[in-house]
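Below, each value reflects all heavy atoms present in this structure, side chains not excepted, and no hydrogens, waters or symmetry copies. These numbers come from a predicted model, not from an experiment. For the single chain, residues carry numbers from 1 onward in sequence order.
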Amino acid sequence: MRHLVELRSRKAARILDSARELVLDHGAGKVTVSEISRAAGVGKGTVYLYWPSKEHLIRGLFARDLLTLLNEGISRITADPATVQPHRLAPLIVRTGLKLPLGRRLRSGDPELQRLLMQDPDDRELYARTRPAAMCNAVMPILRRHGLIRHDRPLPAQAYTLHALLDGFATAADRPELAPPGVDDPDAVLADTVAVLLEPSDAPSEAAITAAAEETVAIFHEIRGAVLKLIHHSQTVDQ
């Protein structure tokens, strides 16, 4: 975690917190470094001590959201390999994603945030790898190979189905007031839907679950390393 400058500097941590709140309240395009520095209680030059520009700071913020998502997945699957089963993994992804404020801002519509995140070609490639559809495409072949996903449907169609479910349930969970009467546990509904559509009738063996969990965690670790590099490159070089 040496890439996270906020772990070494309370000022950097305050700057990140202030920038996040301002972006969430006003949008990425309207926030200035001067406003961030005032909210954090530091001089404007202190912001530039840690980040070369507002754009670098915001990209670093979004990368930290991605890091939170990956860390949660790695931690939960490592602690309990059975979490890798589709009916358990899907609610975990949705719930963790809803905790990420900039991701929610992006889904709700912030064209300037979208533009900032897509400026650098390397960043675009990384963000593409961490989109729900890409994560489904990366993980589902592993789950299918180990018998955690049924084999009687084309894999691309299954990946598309899971992505659509994750996207739809995330949108619905973001507005719980719209849930119809009788739906008290959306996570259970999602888990049951995924199990019916994607999982085989015969439960996979413990060995198969363990192998699938290890390979899935390895993919998450690989992407996590790329996210940490992005965070490091978003900061001023000597930090």
Quiz item: Which atom names give the shortest non-hydrogen contact between F220 and L70, and what distance separates them?
Solution: O-CD2, 4.1 Å

Quiz item: Of all residues at least two apart in sequence or in a different chain, which pass the side chain to side chain contact (heavy atoms under 4.5 Å, CB included) check with D192?
Solution: V196

Quiz item: Given side chains that start at C-beta, do those of L16 and W51 come closer than 4.5 Å, heavy atoms only?
Solution: yes

Self-check item: Qualifying residues under salt bridge (Lys or Arg N to Asp or Glu O under 4.0 Å), relative to R88, sequence neighbours excluded
Solution: D80

Quiz item: Thinking salt bridges, do R14 and E6 make one under a 4.0 Å N-O criterion?
Solution: no

Quiz item: Checking T216 side chain against A212 main chain: does a donor-acceptor pair fall under 3.5 Å?
Solution: yes

Pairs under 3.5 angstrom only: tabulate donor-acceptor contacts from the side chains of residues 19-28 to other protein residues two or more places apart or in another chain.
none

Exercise. For R153, enumerate each residue passing the salt bridge (Lys or Arg N to Asp or Glu O under 4.0 Å) test, keeping only those at least two apart in sequence or located in another chain.
Key: none

Quiz item: Residues in side-chain hydrogen bond (donor to acceptor under 3.5 Å, both in side chains) with Q85, at least two apart?
Solution: none

Quiz item: Between atom CG of L162 and atom OG1 of T193, what is the distance when rounded to the nearest 0.5 Å?
Solution: 11.0 Å

Exercise. Test I209 against H146 for side-chain contact (heavy atoms from CB on, under 4.5 Å), laying out the working first.
Key: CA-CA 7 Å; I209 290 174; H146 291 288; over 6 Å; no

Quiz item: Which atoms form the tightest heavy-atom contact between A138 and I219, and what is the distance?
Solution: O-CD1, 3.5 Å

Exercise. Check step by step if side-chain contact (heavy atoms from CB on, under 4.5 Å) holds for V47 and K44.
Key: CA-CA 6 Å; V47 177; K44 187 175 177 180; 5.7 Å; no

Exercise. Find out if a path of hydrophobic residues (ILVMFWY) with successive side-chain heavy-atom gaps under 4.5 Å connects L7 to V5.
Key: yes

Practice problem: For residues 166-200, pull every pair meeting ring pair (Phe, Tyr, Trp, His ring centres under 6.0 Å), keeping only residues two or more places apart or in separate chains. | Solution: none

Quiz prompt | Distance (rounded to the nearest 0.5 Å) between T46 OG1 and I36 CD1 | solution = 13.0 Å

Self-check item: Residues which pass side chain to side chain contact (heavy atoms under 4.5 Å, CB included) with R38, listed by chain and number, not counting sequence neighbours
Solution: S34, E35

Quiz item: By salt bridge (Lys or Arg N to Asp or Glu O under 4.0 Å), which residues pair with D185, not counting sequence neighbours?
Solution: none

Exercise. Could I get the full list of salt bridge (Lys or Arg N to Asp or Glu O under 4.0 Å) partners for R76, not counting sequence neighbours?
Key: E72

Quiz item: Which atom pair, heavy atoms only, marks the closest approach of T78 to I74?
Solution: OG1-O, 2.6 Å

Self-check item: pair I15-S37: side-chain heavy atoms closer than 4.5 Å
Solution: no

Quiz item: Mind checking what makes side chain to side chain contact (heavy atoms under 4.5 Å, CB included) contact with P154, not counting sequence neighbours?
Solution: P156, A157

Quiz prompt | Verdict with supporting geometry, L67 and L4, side-chain contact (heavy atoms from CB on, under 4.5 Å) | solution = CA-CA 11 Å; L67 189 63; L4 302 179; 4.1 Å; yes

Quiz item: Who passes side chain to side chain contact (heavy atoms under 4.5 Å, CB included) against A213, sequence neighbours left out?
Solution: I77, P81, V84

Practice problem: Quick one: pull up CD1 in I58 and OG in S234 and give me the separation to the nearest 0.5 Å. | Solution: 11.5 Å

Name the atoms and distances for all side-chain donor-acceptor pairs under 3.5 Å in residues 197-208, with sequence neighbours left out.
residue	atom	partner	partner atom	Å
E199	OE1	H87	ND1	3.3
E199	OE2	H87	N	2.8
E199	OE2	H87	ND1	2.9
S205	OG	A208	N	3.1

Exercise. Looking only at non-hydrogen atoms, find the nearest pair between L230 and A63 and report the distance.
Key: CD2-CB, 3.5 Å

Quiz prompt | Considering all heavy atoms, the nearest K54-G29 contact | solution = NZ-O, 3.8 Å

Quiz item: What is the distance from atom CE of M140 to atom CZ of R145, rounded to the nearest 0.5 Å?
Solution: 13.0 Å

Exercise. Could you pull out the closest heavy-atom pair between Q235 and R64, with the gap in Å?
Key: OE1-NH2, 2.9 Å

Self-check item: Any side-chain donor near an acceptor of the partner, S9 and Y50, under 3.5 Å
Solution: yes

Quiz prompt | side-chain contact (heavy atoms from CB on, under 4.5 Å) assessment of H233 paired with R59 | solution = CA-CA 10 Å; H233 292 153; R59 286 200 291 270; over 6 Å; no

Quiz item: Atom CG of L190 and atom CG of L89: how far apart are they, to the nearest 0.5 Å?
Solution: 10.0 Å

Quiz item: With respect to Y48, which candidate in L57, T236, V33 satisfies the side chain to side chain contact (heavy atoms under 4.5 Å, CB included) definition?
Solution: V33

Exercise. Nearest 0.5 Å please: distance from the CD1 atom of I142 over to the CD atom of E214.
Key: 11.0 Å

